[in-house]
Trainee: 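Mind looking over this structure? Questions follow.
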Amino acid sequence: MNDKDILMDALKFHGHKCWASVVGVRAGLAALRTLGVPRSGGTQLFAVVETGEEHGGMCFGDGVQYGTGCTFGKGNLSKKPLGKLAVTLIEKDSNCAVRVSYKPTLRKQIAESAFMQKRAAGIMADEIPEEEQMELVNLVWGALEDDVITIGEVFEYDGNWLPEVMGFQPCGVCGEMTALAYLRVVGTKQMCIPCSGYER
Ligand SMILES: [Zn+2]
Ligand SMILES: [Zn+2]
């Protein structure tokens, strides 16, 4: 897949077209290139995203997910909530890592755009006209990489990766399929966490 296809697919997945998700795609692709690795089809890579909760620009995280292939569903993505548009990408085999962060060169242009004016007025991103959404996508995608992100030095990550435990078994009480690592023993029965009464 070429980079433009990855971008357009990422925006489709994301639900609307916005500057922060484009920054996320660019950060993800730059991190892959810096580590010399392909997108994570399996769980070869792990991403730590620094966006927090309930703030602007969190869309960055979806761009990172699609750009790197590190996803919520595959479990090779975690949040370190610092309220920053930054990601550390790690190749698990080698523990080689790089941190890529947003550089606000285009901040004024983004803030003054029709898209951001409408967002500030409380209009949902996907309800803003398509051409106003695309204005910022084109601005951020078309800018020089050095005006959009800062790429750190490659460093060794202190990774402690747990092996994947395969298999499910039905809970002895509610009968719902539960991953083996999440079954708890109560008396002679194996149970899911809610049925067991344990907290975790
Ligand atoms: Zn968005
Ligand atoms: Zn149960």
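Quantities reported herein were computed from a predicted structural model and do not represent experimental measurements.
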Trainee: Going through the checks in order, is the side chain to side chain contact (heavy atoms under 4.5 Å, CB included) test met by Cys59 and His16?
Mentor: CA-CA 10 Å; Cys59 301; His16 61 254; 3.7 Å; yes
Trainee: If you round to the nearest 0.5 Å, how far is CG of Leu89 from OG1 of Thr68?
Mentor: 6.0 Å
Trainee: Which heavy atom of His14 sits nearest a heavy atom of Cys18, and at what distance?
Mentor: NE2-SG, 3.6 Å
Trainee: Nearest 0.5 Å, please: how far is CZ in Phe72 from OG in Ser78?
Mentor: 12.0 Å
Trainee: Kindly compute the distance separating CD (Gln169) from CD (Glu176), expressed to the nearest 0.5 Å.
Mentor: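 One gets 14.5 Å once the value is rounded to the nearest 0.5 Å.
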Trainee: Tell me if the CG atom of Asp5 is crowded by more than 12 foreign heavy atoms within 6.0 Å.
Mentor: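 Correct, the count exceeds 12.
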Trainee: In Å, rounded to the nearest 0.5 Å, how long is the span from CG of Asp147 to OG1 of Thr105?
Mentor: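 One gets 4.5 Å once the value is rounded to the nearest 0.5 Å.
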Trainee: Please check: side-chain N/O of Ser101 versus main-chain N/O of Ala86, any donor-acceptor pairing under 3.5 Å?
Mentor: no
Trainee: Quick one: does Lys80's side chain get under 4.5 Å of Thr88's, heavy atoms only?
Mentor: no
Trainee: Linking I/L/V/M/F/W/Y whenever any side-chain heavy atoms sit under 4.5 Å apart, do Val64 and Met58 land together?
Mentor: no
Trainee: Give every donor-acceptor pair under 3.5 Å between a side-chain atom in residues 193-200 and any protein atom, sequence neighbours left out.
Mentor:
{"residue": "Ser196", "atom": "OG", "partner": "Ile193", "partner atom": "O", "Å": "2.8"}
{"residue": "Ser196", "atom": "OG", "partner": "Tyr198", "partner atom": "N", "Å": "3.0"}

Trainee: Same hydrophobic cluster for Val100 and Leu144, using side-chain heavy-atom links shorter than 4.5 Å among ILVMFWY?
Mentor: no
Trainee: Scan the side chains in residues 130-137 for donor-acceptor partners under 3.5 Å anywhere in the protein, sequence neighbours excluded, and list what turns up.
Mentor:
{"residue": "Glu130", "atom": "OE1", "partner": "Lys17", "partner atom": "NZ", "Å": "3.4"}
{"residue": "Glu130", "atom": "OE2", "partner": "Lys17", "partner atom": "NZ", "Å": "3.2"}
{"residue": "Glu132", "atom": "OE1", "partner": "Lys118", "partner atom": "NZ", "Å": "2.8"}
{"residue": "Glu132", "atom": "OE2", "partner": "Lys118", "partner atom": "NZ", "Å": "3.3"}
{"residue": "Gln133", "atom": "OE1", "partner": "Lys17", "partner atom": "N", "Å": "2.7"}
{"residue": "Gln133", "atom": "NE2", "partner": "Ala125", "partner atom": "O", "Å": "3.4"}
{"residue": "Gln133", "atom": "NE2", "partner": "Ile128", "partner atom": "O", "Å": "2.8"}

Trainee: Sequence neighbours left out, what pairs pass salt bridge (Lys or Arg N to Asp or Glu O under 4.0 Å) with at least one residue falling in residues 86-99?
Mentor: Glu50-Arg99
Trainee: Can you list everything that forms a side-chain hydrogen bond (donor to acceptor under 3.5 Å, both in side chains) with Glu53? Sequence neighbours excluded, please.
Mentor: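 For Glu53, the residues satisfying side-chain hydrogen bond (donor to acceptor under 3.5 Å, both in side chains) (neighbours in sequence not counted) are Lys79.
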Trainee: So, for Val185 and Gly187, which heavy atoms are closest and what is the spacing to 0.1 Å?
Mentor: CG1-O, 3.6 Å
Trainee: With heavy-atom distances below 4.5 Å as the criterion, would you say the side chains of Ile90 and Leu45 are in contact?
Mentor: no
Trainee: My understanding is that only residues two or more places apart in sequence, or in another chain, count here; which of them pass side-chain hydrogen bond (donor to acceptor under 3.5 Å, both in side chains) with Asp146?
Mentor: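 Asp146: side-chain hydrogen bond (donor to acceptor under 3.5 Å, both in side chains) contacts with Lys103.
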Trainee: Determine whether Leu29 and Val25 make a side-chain contact, defined as any pair of heavy atoms from C-beta on separated by less than 4.5 Å.
Mentor: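 When only atoms from C-beta onward are counted, Val25 and Leu29 do touch, with a gap below 4.5 Å.
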Trainee: When rounded to the nearest 0.5 angstrom, what distance separates SG in Cys171 from CG in Leu183?
Mentor: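 Rounded to the nearest 0.5 Å, the SG-CG separation comes out at 7.5 Å.
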Trainee: For atom CE of Met166, is the number of surrounding heavy atoms from other residues, nucleotides or ligands below 6.0 Å larger than 12?
Mentor: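 Result for CE/Met166: open.
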Trainee: With the 4.5 Å side-chain cut-off for hydrophobic clustering, are Phe13 and Val23 part of the same group?
Mentor: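 Same cluster: Phe13 reaches Val23 through Ile, Leu, Val, Met, Phe, Trp or Tyr contacts under 4.5 Å.
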Trainee: What pair of heavy atoms forms the shortest contact from Gly67 to Ile6, and how long is it?
Mentor: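 Looks like CA-CG2, 4.1 Å.
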Trainee: Taking salt bridge (Lys or Arg N to Asp or Glu O under 4.0 Å) as the cut-off, I'd like each qualifying pair that reaches into residues 18-46, sequence neighbours left out, listed once.
Mentor: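 For residues 18-46: Arg33-Glu145.
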Trainee: Checking side chain to side chain contact (heavy atoms under 4.5 Å, CB included) for the pair Ser40/Asn76: CA distance, chi angles, key distance, verdict?
Mentor: CA-CA 9 Å; Ser40 200; Asn76 55 341; 3.4 Å; yes
Trainee: What residues, two or more places apart in sequence or in another chain, satisfy side-chain hydrogen bond (donor to acceptor under 3.5 Å, both in side chains) together with Arg184?
Mentor: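 Expected list: none.
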Trainee: With heavy-atom distances below 4.5 Å as the criterion, would you say the side chains of Pro38 and Leu32 are in contact?
Mentor: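 Counting from C-beta outward, Pro38 and Leu32 never come under 4.5 Å.
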Trainee: Taking the hydrophobic residues Ile, Leu, Val, Met, Phe, Trp and Tyr, and joining any pair whose side-chain heavy atoms are under 4.5 Å apart, which ones share a cluster with Met177?
Mentor: Phe168
Trainee: A side-chain contact here means heavy atoms from C-beta on lying under 4.5 Å apart; do Val87 and Val49 qualify?
Mentor: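 Yes - at least one pair of side-chain heavy atoms lies under 4.5 Å apart.
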Trainee: What residues form a salt bridge (Lys or Arg N to Asp or Glu O under 4.0 Å) with Glu54, not counting sequence neighbours?
Mentor: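 Salt bridge (Lys or Arg N to Asp or Glu O under 4.0 Å) check on Glu54 returns nothing, list empty.
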Trainee: Taking only residues at least two apart or on different chains, which pairs with a member in residues 81-90 satisfy salt bridge (Lys or Arg N to Asp or Glu O under 4.0 Å)?
Mentor: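 For residues 81-90, and leaving out neighbouring residues, there are no salt bridge (Lys or Arg N to Asp or Glu O under 4.0 Å) pairs at all.
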Trainee: What pair of heavy atoms forms the shortest contact from Gly175 to Pro170, and how long is it?
Mentor: O-CB, 3.6 Å
Trainee: Any ring pair (Phe, Tyr, Trp, His ring centres under 6.0 Å) involving residues 17-65? Give me the pairs, sequence neighbours left out, ordered by first then second residue.
Mentor: Trp19-Tyr102, Phe46-Trp161
Trainee: Determine, step by step, whether Leu7 and Asp9 satisfy the side chain to side chain contact (heavy atoms under 4.5 Å, CB included) criterion, reporting the C-alpha distance in whole Å, the side-chain angles of both residues, the deciding distance to 0.1 Å, and the verdict.
Mentor: CA-CA 6 Å; Leu7 173 73; Asp9 284 355; over 6 Å; no
Trainee: Is Val48 reachable from Leu77 through a run of I, L, V, M, F, W or Y residues, each pair having side-chain heavy atoms under 4.5 Å apart?
Mentor: no
Trainee: Any side-chain heavy-atom pair from Tyr157 and Cys96 closer than 4.5 angstrom?
Mentor: no
Trainee: Using modelled atom types only, decide if a donor and an acceptor are shared between the side chain of Arg107 and the backbone of Ala111 within a distance under 3.5 Å.
Mentor: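 No: the side chain of Arg107 does not pair with the backbone of Ala111.
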Trainee: Can you tell me how far apart CG (Leu11) and CG (Asp62) are? Round to the nearest 0.5 Å.
Mentor: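 Nearest 0.5 Å value for the CG-CG distance: 10.0 Å.
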Trainee: Is there side-chain contact between Val140 and Val148, with at least one heavy-atom pair below 4.5 Å?
Mentor: yes
Trainee: May I ask you to check whether over 12 heavy atoms, not counting those of Phe155, lie within 6.0 Å of atom CZ?
Mentor: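 Atom CZ in Phe155 is crowded, with more than 12 foreign heavy atoms closer than 6.0 Å.
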Trainee: Just grab all the ring pair (Phe, Tyr, Trp, His ring centres under 6.0 Å) pairs involving residues 119-152, residues at least two apart or on different chains.
Mentor: none
Trainee: Going by heavy atoms in the side chains, are Ser113 and Gln109 under 4.5 Å from each other?
Mentor: no
